[in-house]
There are 2 protein chains.
Amino acid sequence: MTTGDDAGPIIQLGASERLGARPALTARELADLIGVSQSTVSRAFSKGTSVSPKTRAFVLEQAEKLGYRPNVIASFLSRRASSIVGVVTADFTSPVYIDMLDRLSVRMQELDIHPLLFNLQAGAEAGDQLAVLRQYNIETVIVISGRISHMSVARWAADGRKVILMNRDIPDAAIGSVRCDNSASSLVADHLWEIGLRRVAFVGGPESSAVSAEREQAFVRRVAELGMILCGREGGREYSHQSGFDGTRAVMASRPEAILYATDRLAIGGLDALSWSGGLSVPGDVSIVGFDNIDMACWPGIQLTTVHHDVPRIVDGAIELLQQIQNGREGPRKHLVKGGLVVRATTGPAKA
Amino acid sequence: MTTGDDAGPIIQLGASERLGARPALTARELADLIGVSQSTVSRAFSKGTSVSPKTRAFVLEQAEKLGYRPNVIASFLSRRASSIVGVVTADFTSPVYIDMLDRLSVRMQELDIHPLLFNLQAGAEAGDQLAVLRQYNIETVIVISGRISHMSVARWAADGRKVILMNRDIPDAAIGSVRCDNSASSLVADHLWEIGLRRVAFVGGPESSAVSAEREQAFVRRVAELGMILCGREGGREYSHQSGFDGTRAVMASRPEAILYATDRLAIGGLDALSWSGGLSVPGDVSIVGFDNIDMACWPGIQLTTVHHDVPRIVDGAIELLQQIQNGREGPRKHLVKGGLVVRATTGPAKA
DNA sequence: TTGTAAGCGTTATCAT
DNA sequence: ATGATAACGCTTACAA
């Protein structure tokens, strides 16, 4: 039995679907169909143009009905600009950056702005990417990564691209940024002080990381103010679980009562070293604190005390900046989002 | 003190950088500059065109020197096709899908193919996206998600888009797919049998998930063949840690000696329920096995026995398919990548 | 307010 | 093998 002549297509599609395979309607065709000029169609679809509300409504209604949508490629060419936004990433292993990318890309789509993904490897540098940005007429670039060099960012900006940095900043008025307030790590010192701990240590990320440095600095300062003792300090080569694990083993030599980590991932590596693989009690033997409040931090078996990193609000800020830039509006270009301490089960008084 | 008249620009850039801000060179300008026709320039940059090797080399060399790069937007318009590839995602919480997106996007960039990201939310369906695919002249779509409905995929294909599915398949010759061999879960049954375990259970993902179903089926079949006892079975609403945690608690009522999970994430949820939060010994009291071999599986405190999911090879397959499609070559459109069992520390004989 | 026409920077079809 | 020239589907002066 064949399905060709009697059963019809196997997948049932509506009429408009079936037409799909034929080339999309153009503005000219729509214009001819509904009896207006092609430029009127174009104007109906762009805001800030002089069309009578009536004609615009008519055109949009007919377009909807006949399935017309402006071809953005032609529009980009004509306008010499594109609504594509470059999104630069490099840290797919960081839950926080992934979360940002997730939420950001969803929000962008709602606004009909589409993200072209530039996922840079360790080696890649600005030059190559810049050429691509130009080829696509991309005006705006959002950087979700701590690993792209400042130099790269500066070059994009110098080339006239608008740059929005997530989670970092370069002191330059032309470059927007939205970051969490890393100085919130001082709250950790207060918390540890209150539960009676005095000897503390810090385990950080790579020495080159500004995020780690800022979190450390605010913590160390508050520790000193409170008269607590910073007995140990370790850096790592990366922000990995293993790095947190190793850093913890190393820092334990100084017998701290509590350890602050630059990120939750490091802290969970520490939990592994101390508890899962180490046989110590957390917080009985040592308290540990992370930073970021990633999903994993509230798993039943983890319950990590940490500093909340408000990703949704950071993404809100980036979207706002994006619209501000695209509309040529003025306004503050640097956003700082506050976090707060989330106390869970990995901090507590030392056991007697 | 001002920097305006004496100190020069703060960021020093080379000459070619400084020129950056001015509009990019066009083919016409380059042609005039080096004394050939504009079409010769165009030909030099497209393969399969008739230019003498000599002229092509000359043009490319001069282009390199003068910083010319063809504007892809104009090229897309003229060719009525774009080298942009739509990458559709929906599961940013799944480490495997994230890993795929990471590797895939890096590989694509090496080939000068750029991914436009479509990160669909739970609610979003095919129709809206289809319009955008058309607006961008996007011919090829790669789907990295189990949550996009078959219907959506069928609609894109019916509209003439080439679709590549990662980690799933739709039996339709027009749709490419690259997946891991989910039947490798039968190896788990063999392994458990060999170490002397007889009572086993399965904890899966959502009932609607084909991946979970396939993994379960191959396991269950082998369990039956070996004469082992499938004493319990739980599904979940999602592939989350909590779901693995809850499913484990539920399935323990049937007193299994070992549990296979549809994914590593679920298995780690199980480890939490049993060991971290549950006070049982793994594998002393129960053995557990995951599927995927995500990074976390080899953390010191986890050491999960699992089935390897070869993401790099799956990405290789997708890239191959992509090139095959873009070059109009024929060839097999369905790839199945083998995995293998990785025995770590969460499986072992029951303690006496 | 609306229509006409000249680009935008390519590719592709002609001649030569 | 190379050079004119007409699309490609828009935006945007300029005219009406």
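In what follows, chains carry the letters A, B, and so on, assigned in the order in which the sequence lines appear, proteins first and then strands, with residues in each chain numbered from 1. Only heavy atoms go into these numbers, but all of them, side chains included; no hydrogens, no water, no symmetry mates. Just so you know, these numbers come straight off a predicted model, no measurement behind them.
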**Message:** If you count every heavy atom of other residues, nucleotides or ligands that lies below 6.0 Å from B:E110 atom CD, does the total exceed 12?
**Reply:** yes

**Message:** Distance check needed: D:dC10 C1' versus B:R80 CZ, whole Å only.
**Reply:** 14 Å

**Request:** For B:K47 and C:dT11, give me the distance from atom NZ to atom C1', rounded to whole Å.
**Result:** 16 Å

**Prompt:** Any idea which of D:dC8, C:dG3, C:dA5 is nearest the A:R43 side chain?
**Reply:** C:dG3

**Request:** May I ask you to evaluate whether B:S52 reaches the phosphate of D:dT2, defined as a side-chain N or O under 4.0 Å from OP1 or OP2?
**Result:** yes

**Prompt:** Whole Å only: how far is the CZ atom of A:F76 from the C1' atom of C:dG7?
**Reply:** 18 Å

**Item:** Whole-Å gap separating P (C:dT2) and CZ (A:F58)
**Value:** 11 Å

**Message:** Nearest to the A:A74 side chain among D:dC10, D:dG3, C:dG3, which nucleotide is it?
**Reply:** D:dC10

**Prompt:** Considering only side-chain heavy atoms of B:N71, which listed nucleotide, C:dT4, C:dG9, C:dA12, is closest?
**Reply:** C:dG9

**Prompt:** Just checking A:S42: base, sugar-phosphate only, or nothing, at a heavy-atom cut-off of under 4.0 Å?
**Reply:** base

**Main-chain N/O of A:S46 paired to A:T49 side chain as donor or acceptor, under 3.5 Å** = yes

**Asked** How would you label the contact of A:S75 with the nucleic acid (heavy atoms, under 4.0 Å): base, sugar-phosphate, or nothing?
**Response** sugar-phosphate

**Fill in**
Taking D:dT11, C:dT10, D:dA4 as options, the one with an atom nearest any side-chain atom of B:S39 is D:dA4

**Request:** Check whether any side-chain N or O of B:S37 sits under 4.0 Å from OP1 or OP2 of D:dT2, and answer yes or no.
**Result:** no

**Prompt:** Separation of B:R28 atom CZ from C:dT11 atom C1', in whole Å?
**Reply:** 14 Å

**Message:** If we ignore hydrogens and angles and just use 3.5 Å, is the side chain of A:K65 paired with the main-chain N or O of A:L60 as donor and acceptor?
**Reply:** no

**Prompt:** So A:Y136 and B:H114, would you call those rings parallel, tilted or perpendicular, with 30° and 60° as cut-offs?
**Reply:** perpendicular

**Request:** Among the candidates C:dT2, D:dT11, C:dT11, find the nucleotide nearest to the side-chain atoms of A:Q38.
**Result:** D:dT11

**Message:** Of the listed nucleotides (C:dA12, C:dT2, C:dG9), which one gets closest to any side-chain atom of B:R79?
**Reply:** C:dA12

**Message:** Tell me the interatomic distance from A:L77, atom CG, to D:dA7, atom P, rounded to whole angstroms.
**Reply:** 17 Å

**Message:** Given 3.5 Å as the limit, does a donor-acceptor pair link the side chain of B:R147 with the main chain of B:A90, or not?
**Reply:** yes

**Short N-O contact, B:D159 and B:R155, less than 4.0 angstrom** = no

**Message:** Expressed as a whole number of angstroms, how long is the span from A:R56:CZ to C:dT1:C1'?
**Reply:** 12 Å

**Message:** Less than 4.0 angstrom between a side-chain N/O of B:T55 and OP1 or OP2 of D:dT2, yes or no?
**Reply:** yes

**Request:** Compare side-chain N and O positions of B:Y68 against OP1 and OP2 of C:dT10 and report whether any pair is under 4.0 Å apart.
**Result:** yes

**Message:** Quiz question: going by heavy-atom distance under 3.5 Å, is there a donor-acceptor pair between the base of C:dT10 and the side chain of B:S78?
**Reply:** yes

**Message:** Just the rounded figure in Å: distance from P of C:dT4 to CG of A:D32.
**Reply:** 10 Å

